[in-house]
Trainee: 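Okay, handing you the structure first.
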Amino acid sequence: MKSVLLLSVLSAAAVSAQPKLTLKVHTGKGQTGYDVNSTMIAGEKDMLVIDPQFTLSEAHKLAAEILESKKNLALIYVTHPHPDHLFGLAVLHQAFPMAKIVALPATVNAAKTGWPARQKFWFPTYGNNIPGPDPVLPEELTEPYLTFEGERFPVTGPLQGADGPGNSFVSIPSLKAVVTGDIVFDHVYFGVPKDAARENWEKTIDQIAALHPAIVVPGHQGPGATDDMSAVTFMKRYIEDWDKNAAASHSAAEMKAKVLAQYPNLGMEYTLNDRVAAYFPPAAKGN
Ligand SMILES: [Zn+2]
């Protein structure tokens with residue numbers, strides 16, 4: 001009986017499902033690309049890109065992929081205002097001036113006010129591979145969804161991510177997909193939130209899990225990532241081990257060695273020193 005039922009459900013799905021949308025992820029490589037994901041959702045004619053890469057060189061690679069798809073880049077969404085999800089707009093805006101760029105109002109505001117300091121901060125590392133002091137900014141999204149080829153993609157945020165507040169996620173119901181910004185990280189060394197930030201981040205994860213997505217695109221991913229809910233399993237295990245390692249270590253160097261031994265060859269190793277240092281701050285000066 002069960003198999004008959006399953007078959008009839010499958011055939012009904014085959015008749016009604018319109019495989020109209022496709023989803024493809026472009027991952028920036030290594031420190032230049034910051035292992036950051038850009039998600040390309042293609043319809044019959046148009047394309048939506050969620051997060052436009054960090055460095056200009058990676059954004060050019062993304063632009064090449066968009067051009068080769070032969071789709072019209074109609075819409076760009078920025079999940080949150082961190083530079084690795086924002087700076088690539090400079091390239092995409094120049095290459096596709098007709099594309100509408102949108103973000104939540106809080107993201108637009110933070111992108112604008114934060115740009116000068118962030119541009120200055122990253123310039124010594126990346127030089128002219130990031131945009132100049134004049135920001136390319138999204139427009140404010142006035143409704144809590146993106147409209148794309150007649151479909152609505154709900155946008156949820158701003159809410160707490162793993163790497164700070166002000167994140168958002170986009171769900172694409174017809175693909176059973178969620179594009180998460182820096183709420184989900186997979187197979188990378190990521191910043192482990194503490195205290196209230198951790199509790200609020202877990203609530204965000206619960207909101208994503210409640211959608212039962214088949215596809216979950218993390219904000220950053222390393223080798224072995226599978227773009228599904230197993231990313232959340234990975235994060236929870238990593239955090240549990242992180243806490244144990246922090247408790248058992250006497251210095252940042254000891255902690256780093258433990259993490260590397262337990263989790264070799266993840267992406268974003270260039271961030272690990274800072275991640276560990278957050279758990280072993282220099283001695284307080286008595287204030
Ligand atoms: Zn990020």
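As the structure lists them, so they are numbered: ligands from 1, and atoms in each ligand from 1.
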Trainee: Does any donor atom in the side chain of E151 or S174 lie under 3.5 Å from an acceptor atom in the other side chain?
Mentor: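 Judged by distance alone, the side chains do pair up.
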Trainee: Among the N, O or S atoms of D182, which one sits nearest to the Zn ion (ligand 1)?
Mentor: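 In D182, the N, O or S atom with the shortest distance to the Zn ion (ligand 1) is OD2.
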Trainee: If you consider just the N/O/S atoms, which atom of D84 is the closest one to the Zn ion (ligand 1)?
Mentor: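 It is OD2 of D84.
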Trainee: Between E65 and K24, is there a salt bridge with N-O shorter than 4.0 Å?
Mentor: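 Looking at K24 and E65, the cut-off is met.
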Trainee: Examine F169 and I76 and state if one hydrophobic cluster contains both, with Ile, Leu, Val, Met, Phe, Trp and Tyr joined whenever side-chain heavy atoms are less than 4.5 Å apart.
Mentor: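 Yes, it is one cluster - the side chains of F169 and I76 are joined through contacts under 4.5 Å.
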Trainee: Report yes or no: does H85 have an N/O/S atom closer than 2.8 Å to the Zn ion (ligand 1)?
Mentor: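 Under 2.8 Å: H85 contacts the Zn ion (ligand 1) through an N, O or S atom.
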Trainee: Of Y238, F190, Y34, which meets ring-ring contact (aromatic ring centres under 6.0 Å, His included) against F185?
Mentor: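 Filter result, single survivor: F190.
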Trainee: When you measure from the Zn ion (ligand 1) to the N, O or S atoms of H80, does any of those distances fall below 2.8 Å?
Mentor: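 Within the cut-off used here (under 2.8 Å), H80 places no N, O or S atom near the Zn ion (ligand 1).
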